[in-house]
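Only one structure is covered here, and it is reproduced in the block below.
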Amino acid sequence: MTRLDVAASTFPFLYSHDGLDALKHLKSLGYDRFEMMIFPPHCWPRELPVARRREYRSWLNSEGGRITSFCYPLLDNNPNGVDRLMRAYTLDRYREAIDLSAEWECPYVLAIPGPVNSLINPPHQWMLDWFVEGMKQLVDYAKGTGVQLLLENVPFTYLPTARDMKDTAALIGPEVGVNFDICNSAFIREDPAEAIRMLGDLVKNVHISDSGYDEFLHTRLGTGVVEPRPAAAALRDIGYSGMTVLEIITDALQPGADPDTDIRASHAILAQNGWAQPG
């Protein structure tokens, strides 16, 4: 039985390391496939000098490493904000991420619907129209670059479900795929395995971590409600051959935080349930 491939996210090191140093640190843990977070000061394309970009590329080539996805977490920005200037600003940052992704031969840039605040939100259709319009612009921009946009299911957005991802992808066009987050799906009480089967070949990249139902987290596996084994079976059912990214969000700067142990413990659980062994 072929085991599913595992990559590691630089998310825990968003504030403690710049992007290249985070890659080097993850390499010391045995990883050579990575998801790079796109966020300042960690790795922000418009602030990366040409020489530093070349350092990334040179190091990846020398170590046999590969950035397999870019994640822009939208902690500050919003592609479906009510202010058209915010929408335009956010799309420009996506364009820069697409350019850098093409330069580093990374195949995927993750696109997250913007956050909502739950008190008084714009009409759902307005947000959907703004998001679809923006994603269509980015699809056009990405043509010929070898970079594909992937929509992600995120609970704090207005499009939290796997069905939302499938329906929205259909509105944008066949060029987009889905980054399926198993933890996000479990948190909203979906059946992640059934969601994977429903999405089928739209799934191009996968995130995994853990959370309880009371508080939305991305902790080490084995601490919450996420069940890796059924998800692995579903990924095999759809013929999935992409990466599963360990997206453990434990801020390395916080006292008592230990993302290295969290990553190792999580990967050990994955290895027991059908994923590749740690390096």
Side-chain angles (χ1 to χ4, degrees), residues 5 7-27 31-79 85-114 131 134-152 154 172-173 175-179 181 204-207 242-243 245-247 249:
D5 291 327
S9 170
T10 65
F11 218 144
F13 312 106
L14 205 59
Y15 303 115
S16 62
H17 298 62
D18 77 1
L20 182 54
D21 288 338
L23 296 181
K24 291 177 179 178
H25 182 77
L26 290 170
K27 176 67 175 178
Y31 294 93
D32 58 12
R33 298 292 181 267
F34 314 100
E35 181 167 280
M36 174 62 69
M37 300 306 298
I38 301 299
F39 191 73
H42 183 69
C43 180
W44 198 230
R46 68 187 176 92
E47 294 179 1
L48 271 180
V50 171
R52 189 61 170 167
R53 291 171 181 244
R54 288 175 177 167
E55 284 183 50
Y56 276 82
R57 187 70 181 270
S58 176
W59 182 83
L60 288 164
N61 289 341
S62 67
E63 296 293 333
R66 185 171 164 230
I67 298 175
T68 53
S69 50
F70 275 8
C71 181
Y72 176 17
L74 294 181
L75 300 182
D76 283 345
N77 313 136
N78 192 338
L85 295 179
M86 173 53 73
R87 299 198 299 273
Y89 176 87
T90 303
L91 294 182
D92 282 344
R93 304 292 76 75
Y94 269 116
R95 291 182 182 97
E96 291 166 352
I98 290 167
D99 289 343
L100 188 60
S101 189
E103 183 178 336
W104 290 348
E105 298 182 334
C106 168
Y108 301 125
V109 171
L110 278 49
I112 300 170
F131 183 68
M135 292 304 105
K136 285 182 174 180
Q137 291 179 36
L138 294 179
V139 164
D140 287 342
Y141 186 82
K143 285 180 180 175
T145 66
V147 178
Q148 185 178 21
L149 287 171
L150 304 183
L151 310 183
E152 182 177 347
V154 178
I172 297 165
E175 299 87 352
V176 300
V178 169
N179 175 78
D181 192 303
K204 306 298 182 183
N205 201 58
V206 171
H207 284 175
M243 291 291 157
V245 179
L246 276 169
E247 193 190 37
I249 305 180

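Sequence positions, counted from 1, serve as the residue numbers for this chain.
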Salt bridge present between Glu103 and Arg57 (N-O < 4.0 angstrom) = no
Electrostatic pair Asp18-Arg52, nearest N-O below 4.0 angstrom = yes
Does any donor atom in the side chain of Thr10 or His42 lie under 3.5 Å from an acceptor atom in the other side chain?
-> yes
For Glu35 and Ser69, does a side-chain donor sit closer than 3.5 Å to a side-chain acceptor?
-> yes
side-chain contact (heavy atoms from CB on, under 4.5 Å) with Thr90: which of Leu74, Leu85, Asp76?
-> Leu74
Any cation-pi pair here, Arg33 with Tyr31, using under 6.0 Å and within 45°?
-> no
Would you compute the distance between atom [atom1] of [X] and atom [atom2] of [Y] and round it to the nearest 0.5 angstrom?
{"X": "Lys204", "Y": "Leu150", "atom1": "NZ", "atom2": "CG", "result": "8.5 Å"}
{"X": "Leu110", "Y": "Leu151", "atom1": "CG", "atom2": "CG", "result": "9.0 Å"}
{"X": "Leu100", "Y": "Thr145", "atom1": "CG", "atom2": "OG1", "result": "12.0 Å"}
{"X": "Ile98", "Y": "Ile38", "atom1": "CD1", "atom2": "CD1", "result": "11.0 Å"}
{"X": "Met36", "Y": "Leu26", "atom1": "CE", "atom2": "CG", "result": "9.0 Å"}
{"X": "Glu175", "Y": "Asp140", "atom1": "CD", "atom2": "CG", "result": "7.5 Å"}

Keeping the roles fixed (side chain from [X], backbone from [Y]), state whether a donor-acceptor pair exists under 3.5 Å.
{"X": "Arg53", "Y": "Pro45", "value": "yes"}
{"X": "Thr68", "Y": "Phe34", "value": "yes"}
{"X": "Tyr56", "Y": "Gly19", "value": "yes"}
{"X": "Gln137", "Y": "Leu91", "value": "no"}
{"X": "Ser101", "Y": "Val147", "value": "no"}

How are the rings of Tyr15 and Phe39 set relative to one another: parallel (under 30°), tilted (30 to 60°) or perpendicular (over 60°)?
-> perpendicular
Report the relative orientation of the aromatic rings in Tyr94 and Tyr72; use parallel for angles under 30°, tilted for 30 to 60°, perpendicular for over 60°.
-> perpendicular
Determine, step by step, whether Val139 and Leu149 satisfy the side chain to side chain contact (heavy atoms under 4.5 Å, CB included) criterion, reporting the C-alpha distance in whole Å, the side-chain angles of both residues, the deciding distance to 0.1 Å, and the verdict.
-> CA-CA 7 Å; Val139 164; Leu149 287 171; 4.0 Å; yes
Step by step, would you call Trp59 with Leu20 a side chain to side chain contact (heavy atoms under 4.5 Å, CB included)?
-> CA-CA 8 Å; Trp59 182 83; Leu20 182 54; 4.0 Å; yes
For the pair His17 and Lys24, evaluate side chain to side chain contact (heavy atoms under 4.5 Å, CB included) and give the outcome as yes or no after the intermediate values.
-> CA-CA 10 Å; His17 298 62; Lys24 291 177 179 178; over 6 Å; no
Identify the heavy atoms of [X] and [Y] that sit nearest to each other, and give their distance.
{"X": "Val109", "Y": "Ala97", "answer": "CG2-O, 4.1 Å"}
{"X": "Pro107", "Y": "Arg66", "answer": "CG-NH2, 3.8 Å"}
{"X": "Asn77", "Y": "Trp44", "answer": "OD1-CH2, 4.2 Å"}
{"X": "Pro79", "Y": "Met135", "answer": "CB-CE, 4.4 Å"}
{"X": "Ser9", "Y": "Met37", "answer": "OG-SD, 3.7 Å"}

Evaluate side chain to side chain contact (heavy atoms under 4.5 Å, CB included) for Val176 paired with Gln148, printing each intermediate quantity in order.
-> CA-CA 6 Å; Val176 300; Gln148 185 178 21; 5.5 Å; no
Beyond-backbone contact of Asp181 with Glu247, side-chain heavy atoms, under 4.5 angstrom = yes
